[in-house]
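Since this is a predicted model, take the numbers as computed values, not measurements.
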Amino acid sequence: MNETDIKFLEDSFKKYYFNHFNLISTPQRTSEREFGYQKFNSGFFNRHISLRDDKELHLLFMQNIPSDVYCSNAYYAFPNSPMNEKDWKEADLIFDIDAKDLNLSCRNNHTASICNECNEISKDIVKCVKCNSTKLEKKSLPCKFCINASKIEVNKLSNVLIDDLGINKENIHVYFSGNEGFHVYVYNSQFQKMGSKERSELVDYIMFRGAIPETFGMKRFKPNRSSFPDFNQKGWNGRFSKQVFGSKSKRSKIISELLDNGYSSFQKTLDNVSDQIGVKIDPNVTMDIHRIFRLPGSINSKSGLTKTLCTDLTKFDPYTDACFLNDESIEVLANCPIEFKLKNKKFGPYNNEKISLPTYAAVYLICKKLATIA
Ligand SMILES: [Zn+2]
Ligand SMILES: [Zn+2]
């Protein structure tokens, strides 16, 4: 990114942090957390920072004008010490749901590619249309369908957390990540002190991975039709029933089919069901108990959108509700083959053209490397 673009992004981010610091939620027990940040065009990750309060956090934003700010889900005795001397106490449970992991068919329609060899931008994501190079950097401008599909996963996750794991609804907070998905935080649960290994078992349960036929009534020898799950059962038994039997009236007939097809076929059915009804979270994120996460209220430099708490997930629209930058206009050279919508306004496509855009849209495109200050 060139100096003029960086200066523009820093100015826009700084204005946001100056005017909207009230949107930044300082985490509970601030002084036990590790903070970190990055600056534009610097590969360096400043980590192992500890802060006492809002005032110090505000100062960090104003002095450094970071591109991205992070905070640990873990609580430490010494958050600013090196990792092995921090003295880990406990960590909030966090889940990451990202549209890019959902294998959605719409994705190709809203992905642009930037050629690493000749900088050509196009919608061809296999090879450069100008020089045929396959070294492409892909930029997705997620659509409404991507966001809705991610919301479905968030709701599936909340159901498992509340119904199966007994977590209090008030302790689940859902945040838009600022780019393509959602982060789900669970506070004050019985899982706070759990290590990485136990969290990985929890992940398997939530994703419905590694289930064995016996748990769902199937046996290698002399299986019994009365041991198959039923609709009103709790947990995965009930969800399995709804998915496999479809309706109560079909249950008996389908059990007969399952018995006829035998044990190994049942295992395959179980694996398919797991793909369909398991919650699609990123397992590594939940298992990592030393990770730092984007700070709620801070801007995601991949988009210029804010990581935002979703109080009403159904109604939440990231392209209006997480778009906080101002609408002062600025002239850019835009090369974006994809149409997008921000603050209920349509933009693009732009074919290497000089145009005037409101700051929030200019930042969005510059962050995606699809425009530059003219
Ligand atoms: Zn090329
Ligand atoms: Zn999409």
Side-chain angles (χ1 to χ4, degrees), residues 10 13-40 42 44-96 161 167-179 182-196 199 285-301 305-311 321-322 324:
E10 284 184 338
F13 280 32
K14 192 172 186 177
K15 265 184 211 156
Y16 166 83
Y17 288 125
F18 188 78
N19 295 322
H20 295 90
F21 191 72
N22 62 313
L23 293 176
I24 298 184
S25 21
T26 324
Q28 297 165 348
R29 297 162 61 183
T30 308
S31 61
E32 293 169 82
R33 310 277 193 161
E34 177 199 353
F35 290 83
Y37 69 89
Q38 281 172 301
K39 287 174 71 85
F40 286 102
S42 137
F44 188 67
F45 214 132
N46 298 278
R47 283 191 69 162
H48 314 297
I49 298 166
S50 76
L51 298 169
R52 266 174 305 192
D53 49 29
D54 274 9
K55 228 173 154 180
E56 289 191 353
L57 181 61
H58 204 185
L59 206 63
L60 180 146
F61 277 106
M62 286 301 129
Q63 285 179 337
N64 302 290
I65 324 173
S67 62
D68 301 272
V69 179
Y70 305 88
C71 171
S72 66
N73 58 331
Y75 305 80
Y76 302 103
F78 312 105
N80 55 351
S81 298
M83 202 45 95
N84 52 356
E85 294 165 21
K86 280 190 187 335
D87 197 0
W88 187 91
K89 294 178 190 171
E90 58 186 280
D92 303 324
L93 194 57
I94 300 193
F95 301 94
D96 179 30
L161 293 174
I167 287 169
N168 204 327
K169 204 174 176 215
E170 282 75 57
N171 287 329
I172 303 174
H173 290 191
V174 179
Y175 296 91
F176 169 61
S177 72
N179 194 30
F182 293 91
H183 295 162
V184 179
Y185 287 50
V186 177
Y187 299 105
N188 305 320
S189 74
Q190 69 270 37
F191 305 109
Q192 285 290 123
K193 289 193 169 22
M194 260 180 18
S196 187
R199 285 177 199 235
V285 171
T286 303
M287 281 152 55
D288 190 348
I289 57 170
H290 297 105
R291 190 180 280 250
I292 48 178
F293 292 84
R294 191 173 297 289
L295 183 73
S298 70
I299 300 177
N300 189 327
S301 75
L305 301 174
T306 296
K307 175 163 173 177
T308 308
L309 179 68
C310 308
T311 41
D321 302 336
F324 289 100

Legend entry - Pi-cation contact, Y75 with K89 (under 6.0 Å, within 45°): no

Inset, instruction - State the CG-CG distance between L59 and N64, to the nearest 0.5 angstrom. - result: 8.5 Å

Legend entry - Point-to-point distance, once rounded to the nearest 0.5 Å, from OG of S31 to CD of E56: 9.5 Å

Legend entry - Distance in Å, F78 CZ paired with E85 CD, rounded so as to fall on 0.5 Å steps: 9.5 Å

Inset, instruction - Start with the C-alpha distance between Q190 and I167, add both sets of side-chain angles, then the distance that settles side-chain contact (heavy atoms from CB on, under 4.5 Å), and finish with yes or no. - result: CA-CA 8 Å; Q190 69 270 37; I167 287 169; 4.3 Å; yes

Legend entry - Contact check, side chains of D53 and T26, non-hydrogen atoms, under 4.5 Å: no

Inset, instruction - For atom CZ of F45, decide whether the heavy atoms of other residues, nucleotides or ligands shown that lie under 6.0 angstrom number more than 12. - result: yes

Inset, instruction - Please answer whether the main-chain N or O of H48 pairs with a side-chain N or O of E34 as donor and acceptor at a distance below 3.5 Å. - result: yes

Legend entry - Test applied, side chain to side chain donor-acceptor pair (under 3.5 Å); reference residue, Y70; option that passes from R291, Q38, R47: Q38

Legend entry - Flag side-chain contact, heavy atom, 4.5 Å: K15 against F324: no

Inset, instruction - Kindly give the heavy-atom pair with the smallest separation between F13 and P66, and that separation in Å. - result: CD2-O, 3.8 Å

Legend entry - Minimum side-chain heavy-atom gap D68-N300 below 4.5 Å: yes

Legend entry - Spatial distance of atom OH (Y17) from atom CD1 (I299) [nearest 0.5 Å]: 4.5 Å

Legend entry - Other residues, nucleotides, ligands: >12 heavy atoms within 6.0 Å of R52 CZ: no

Legend entry - Nearest atoms (heavy-atom pairs only) where Y175 meets P296: CE2-CB, 3.5 Å

Inset, instruction - Evaluate the side-chain contact (heavy atoms from CB on, under 4.5 Å) criterion for residues I24 and L57: first the C-alpha distance (whole Å), next the side-chain angles of each, then the deciding distance (0.1 Å), finally the verdict. - result: CA-CA 10 Å; I24 298 184; L57 181 61; 3.9 Å; yes

Legend entry - Note, F40 side chain near E10 side chain (heavy atom, < 4.5 Å): yes

Legend entry - salt_bridge(R33, D92) N-O dist < 4.0 Å: yes

Legend entry - Contact check, side chains of F61 and V69, non-hydrogen atoms, under 4.5 Å: yes

Inset, instruction - Could you tell me the separation between the OG1 atom of T311 and the NE2 atom of H173, rounded to the nearest 0.5 Å? - result: 10.5 Å

Legend entry - R199 vs L93 side-chain heavy atoms within contact, under 4.5 Å: yes

Legend entry - Nearest-0.5 Å distance, CG of residue L309 to CG of residue L23: 10.5 Å

Legend entry - Any donor-acceptor N/O pair, S177 side chain to N179 backbone, under 3.5 Å: yes

Inset, instruction - Look only at the side chain of T286 and the backbone of I94, and say whether a donor-acceptor pair between them is shorter than 3.5 Å. - result: yes

Legend entry - Short side-chain to backbone donor-acceptor contact, Y187 and E170, under 3.5 Å: no

Inset, instruction - Classify the ring geometry between F293 and H183 as parallel (under 30°), tilted (30 to 60°) or perpendicular (over 60°). - result: perpendicular

Inset, instruction - Please report the shortest heavy-atom distance between D321 and T308, naming the atom on each side. - result: O-CG2, 3.9 Å

Inset, instruction - Kindly say whether Y76 contributes a backbone atom to a donor-acceptor pair with the side chain of K86 at under 3.5 angstrom? - result: no

Inset, instruction - State, yes or no, whether a side-chain contact exists between Y37 and L295 at a heavy-atom distance under 4.5 Å. - result: no

Legend entry - Trace of the side-chain contact (heavy atoms from CB on, under 4.5 Å) decision for F191 with V186: CA-CA 9 Å; F191 305 109; V186 177; 5.6 Å; no

Inset, instruction - Could you check if a side-chain atom of S72 sits within less than 4.5 angstrom of a side-chain atom of W88, using non-hydrogen atoms only? - result: no

Legend entry - Shortest non-hydrogen separation from R294 to S298 and the atoms involved: CG-OG, 3.6 Å

Legend entry - Exercise: identify the closest heavy-atom pair between A91 and A74: CB-CA, 3.7 Å

